[in-house]
Trainee: 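First, the structure itself, so that you have it in front of you.
Fair warning: this is a prediction, and the values are worked out from it, not measured in the lab. Every chain is numbered from 1 and lettered A, B, ... according to where its sequence line falls, protein lines coming before strand lines.
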Amino acid sequence: MMQRDADRPLLVAEGLSKWYGKQLGCRDVSFALYPGEVIAVVGESGSGKSTLLQLLSSQLESSSGRVLYRMRDGVTRDLAALGEAERRFLLRTDWGYVHQDPTCGLRMTVSAGANVGERLMALGWRHYGQLRSTAGDWLGRVEIDEARIDDTPSTYSGGMRQRLQIARNLVTQPRLVFMDEPTGGLDVSVQARLLDLLRGLVAELSLAAVIVTHDLAVARLLSHRTMVMKNGVVVESGLTDQVLEDPREAYTQLLVSSVLPP
Amino acid sequence: MSTVLELAAVSKTFRMHLQGGIRLPVVSGVAFDVKAGECAVLAGPSGAGKSSILKMIFGTYRCDSGSIVVRHGGDAVDVATAEPRQILELRRNALGYVSQFLRAVPRVAAIDVVAEPLVIAGVVRTEARQKAAELLSRLNIPERLWPLPPATFSGGEQQRVNIARGFVSGLPLLLLDEPTASLDAGNRAVVVDLVSEKKRSGTAVVAIVHDEDVRRAIADIVVEVARFTPMAVEGS
């Protein structure tokens with residue numbers, strides 16, 4: 001019998017560990033992410049959540065354990081066994097990676113339109129008119145005035161840069177997006193707008209996402225499931241509303257009780 | 001009629017690590033069934049664990065022991081032991097929850113807040129909006145408010161938006177936590193009608209209602225929660 005696409009995991013982490021010499025990055029992390037599912041990884045700085053994100057997105061080699069990914073052809077592969085070209089293809093098309101600092105994810109000296117179009121060109125798009133109209137379309141979807149398409153992101157505000165980075169990532173219709181503190185350096189009002197935009201896009205495109213954040217409000221608004229990390233280890237995980245409203249572990253109770261009510 | 005919800009030997013204790021690890025038993029031995037088209041009202045003094053039971057059925061609170069079986073379309077899912085994604089699927093297809101307060105999302109229009117559960121379940125947006133509009137007008141939310149985000153609405157208006165959102169989809173099991181608390185008599189009557197219609201269409205309902213008239217109008221079974229409270233309250 002054919003299994004439904006949604007019933008097969010997209011990304012599987014098995015016993016992932018990372019040591020930096022004697023220093024622990026993260027230890028024995030296992031979970032499965034299904035299509036359209038958003039998982040938040042929460043914890044303080046130094047908890048290992050960014051290490052985990054880099055391991056998952058094969059930007060860092062694990063000390064032990066492995067990451068499996070179901071490719072577009074339906075075959076599940078061990079990411080460590082992929083060739084360089086295959087890995088680059090994943091990063092450029094099937095995945096998105098939204099950095100906390102948009103200057104890490106954008107090319108600051110080329111136009112906004114070219115920033116969005118670049119990933120399409122990597123897919124073989126060559127027609128200038130199509131590239132430009134698709135880029136303009138995506139600027140609109142992330143609420144950037146199309147009139148700014150020829151400006152470089154260095155002339156953009158922090159919130160606009162972050163929205164541009166999101167457009168650049170989503171234009172190739174990735175199935176999986178990694179986000180590292182996507183609302184990190186932004187003012188509160190700008191954060192709210194970005195979160196709201198992300199929430200709409202994630203639902204509309206049925207994106208799967210792994211979102212690393214120290215902000216529980218981000219987890220609550222965007223994620224289905226939450227993993228809580230401390231000192232490199234996952235201390236608690238479950239449905240996001242469950243973890244936040246019925247936290248079991250001492251550390252999670254401390255995190256939840258440290259948030260001022262809105 | 002078929003049984004939609006079955007609770008057996010359900011218990012829950014909170015452990016407060018920040019208060020020296022004290023244990024707060026909430027309920028134990030909770031057992032009751034609800035059939036399609038039936039409404040069970042959870043009754044008892046505040047603090048007896050009524051909302052905790054609703055939250056365990058929805059999966060927001062974890063259940064320490066026992067089983068909470070929800071049946072729909074030939075499937076039976078035990079929420080007490082289900083994987084997160086099974087619970088998420090149950091919430092999309094079978095299990096609705098009207099909380100006491102609306103968790104307003106900034107910038108989303110009231111009509112889309114109400115339509116969202118249908119959209120998530122795959123209904124076309126225009127059709128979902130039409131159903132949302134019907135409910136908002138029945139609940140006397142003026143049409144000029146529909147395109148606005150409910151964050152700025154009055155408490156009663158927000159609660160009615162919340163009710164409309166909970167009633168918009170045809171899920172077989174509906175959990176209601178004080179749906180009429182901040183409503184006037186006219187709107188309370190609308191909610192009673194809505195519950196009665198749901199029951200007629202075969203929905204099983206579990207509700208917490210303090211208002212005597214509403215309770216009389218909707219309840220088929222009254223579950224006295226005090227008998228599940230681990231430390232019996234003297235004189236009650």
Trainee: Please classify the contact between A:R220 and chain B as side chain, backbone, both or neither, with a heavy-atom cut-off of under 4.5 Å.
Mentor: side chain

Trainee: Top residue by heavy-atom pair count (under 4.5 Å) with chain A, among B:M16, B:K55, B:R85?
Mentor: B:R85

Trainee: For A:S237, is it the side chain, the backbone, both, or neither that has a heavy atom closer than 4.5 Å to a heavy atom of chain B?
Mentor: backbone

Trainee: Is chain B contacted by the side chain of A:E249, its backbone, both, or neither, given a heavy-atom distance below 4.5 Å?
Mentor: backbone

Trainee: We want to know whether B:T60 and A:D241 form a side-chain donor-acceptor pair, criterion being a heavy-atom distance below 3.5 angstrom.
Mentor: yes

Trainee: Given that the side chain runs from C-beta out, which part of A:R193 has a heavy atom under 4.5 Å from chain B: side chain, backbone, both or neither?
Mentor: both

Trainee: For a side chain to side chain contact (heavy atoms under 4.5 Å, CB included) check, start with the C-alpha distance between B:V10 and B:K12, then their side-chain angles and the critical distance, and finish with the verdict.
Mentor: CA-CA 7 Å; B:V10 168; B:K12 171 81 189 161; 5.8 Å; no

Trainee: Classify the side-chain pair A:T240/A:T226 by whether it contains a donor and acceptor separated by less than 3.5 Å.
Mentor: yes

Trainee: Between A:Q162 and A:Q165, does a side chain to side chain donor-acceptor pair (under 3.5 Å) hold up when you go through it step by step?
Mentor: CA-CA 5 Å; A:Q162 195 56 297; A:Q165 192 191 182; 2.5 Å; yes

Trainee: Using non-hydrogen atoms only, which part of B:R125 is less than 4.5 Å away from chain A: side chain, backbone, both, or neither?
Mentor: neither

Trainee: Which region of B:Q19, side chain (C-beta onward) or backbone (N, CA, C, O), has a non-hydrogen atom less than 4.5 Å from a non-hydrogen atom of chain A, or is it both or neither?
Mentor: neither

Trainee: Examine whether an atom of B:I87 lies under 4.5 Å from a heavy atom of chain A, and if so say whether it belongs to the side chain, the backbone or both; otherwise answer neither.
Mentor: side chain

Trainee: Return the orientation label for the A:Y97 and A:F178 ring planes: parallel under 30°, perpendicular over 60°, tilted otherwise.
Mentor: tilted

Trainee: Among B:R62, B:R15, B:H17, which residue forms the greatest number of heavy-atom pairs with chain A at distances under 4.5 Å?
Mentor: B:R62

Trainee: Tell me whether B:K198 contacts the main-chain N or O of B:F167 through its side chain, where contact means a donor paired with an acceptor under 3.5 Å.
Mentor: yes

Trainee: Hey, which of A:V243, A:L254, A:L244 has the most heavy atom pairs under 4.5 Å with chain B?
Mentor: A:L254

Trainee: For the residue pair A:E181 / A:H214, report whether a side-chain donor-acceptor contact shorter than 3.5 Å exists.
Mentor: yes

